[in-house]
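Numbers here simply count residues along the sequence, with the first being 1. In what follows, every heavy atom counts, from backbone to side chain, and hydrogens, waters and symmetry copies are set aside. Whatever order the structure lists them in is the order used to number ligands and atoms, beginning at 1. Only a predicted model underlies this, so the values are computations on that prediction, with no experimental measurement involved.
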Amino acid sequence: MSDSMSLSRVRVATTSLAGCFGCHMSFLDMDERLLELAKVVEFDRSPLTDIKHCGPCDIGLIEGGVCNAENVHVLREFRRNCKTLVAVGACAINGGLPAQRNHLDLGDCLQQVYVKRDGVEEGGVPDDPELPLLLDRVHPIHEVVRVDYFIPGCPPSGDAIWKFLTDLIGGRTPRLPHPLLRFD
Ligand code: SF4
């Protein structure tokens, strides 16, 4: 990373929408490089911090697709506040494995899980207004907001996330060499 970037810290927010936290685990797979990153980055809202809302940021990293109303709300908050928004992983890019539910009827799914499943007695689909309503389909994030970059993989490797971030923070156009590109 260039010396000039270390003068003012880059503010980064991260979130998991309809994700499994695997992309965040890959972020942590940068291992000791996290210490180097911590010299130039400060974190805003993230599962790694206790900040509840995304404030003005340089980079927003989004894991997971959009499967419920709260995901839409959070994603729009990130887009409003982050100069550069990045779809991290297959779920954010194309809905990922959770989007396999898109060819099923949502009502049938809910009935199957909460009412008809073996062992469920007197079940009912949860309907507390505190719970976010599911969308009828799982959407990639680019169907809801504009996305600046995509890092493929399920999950992308820690090496790929490191290369991407050091390029971006260093003022270079992020480029992943072929060995770091994966979709599985
Ligand atoms: S892309 Fe893979 S690792 Fe990342 S949130 Fe989706 S399922 Fe999990």
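A donor-acceptor contact shorter than 3.5 Å links the side chain of R182 to the backbone of D184.
Put simply, no part of G96 is less than 4.0 Å from ligand 1, judged by heavy atoms.
Side-chain contact between I169 and I59 is present, with heavy atoms from C-beta onward closer than 4.5 Å. Using a 4.5 Å heavy-atom cutoff, the side chains of D108 and L106 are not in contact. Residues E143 and R137 are in side-chain contact: their nearest non-hydrogen atoms beyond the backbone lie under 4.5 Å apart.
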Inset, instruction - Show the numbers, then the answer: is there a salt bridge (charged side-chain N to carboxylate O under 4.0 Å, His left out) between R79 and D148? - result: CA-CA 10 Å; R79 180 66 278 181; D148 298 298; 3.1 Å; yes
Legend entry - Trace of the salt bridge (charged side-chain N to carboxylate O under 4.0 Å, His left out) decision for K52 with D50: CA-CA 6 Å; K52 307 298 184 203; D50 197 30; 2.8 Å; yes
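For ligand 1, the atoms sitting less than 4.0 Å from at least one non-hydrogen atom of G22 are 3 (S), numbered in the order shown with element in parentheses. In the vicinity of C23, heavy-atom distances shorter than 4.0 Å reach the ligand 1 atoms 1 (S), 3 (S), 4 (Fe), 5 (S). Remark: ligand 1 atoms within the under-4.0 Å shell around heavy atoms of E63 are 5 (S). Every atom of ligand 1 is numbered from 1 in the order shown, and the set under 4.0 Å from a heavy atom of C20 is 3 (S), 5 (S), 7 (S), 8 (Fe). Each of the atoms 1 (S) of ligand 1 lies under 4.0 Å from some heavy atom of G153.
Distances from atom 6 (Fe) of ligand 1 show that C91 has an N/O/S atom below 2.8 Å.
Here the straight-line distance linking atom CG of L180 with atom CH2 of W162 works out to 13.0 Å at 0.5 Å rounding.
Among protein heavy atoms, the minimum distance from atom 2 (Fe) of ligand 1 is reached at C154 SG, 2.3 Å. When hydrogens are left out, the protein atom nearest atom 1 (S) of ligand 1 is A90 N, 3.3 Å; that is the closest non-hydrogen contact.
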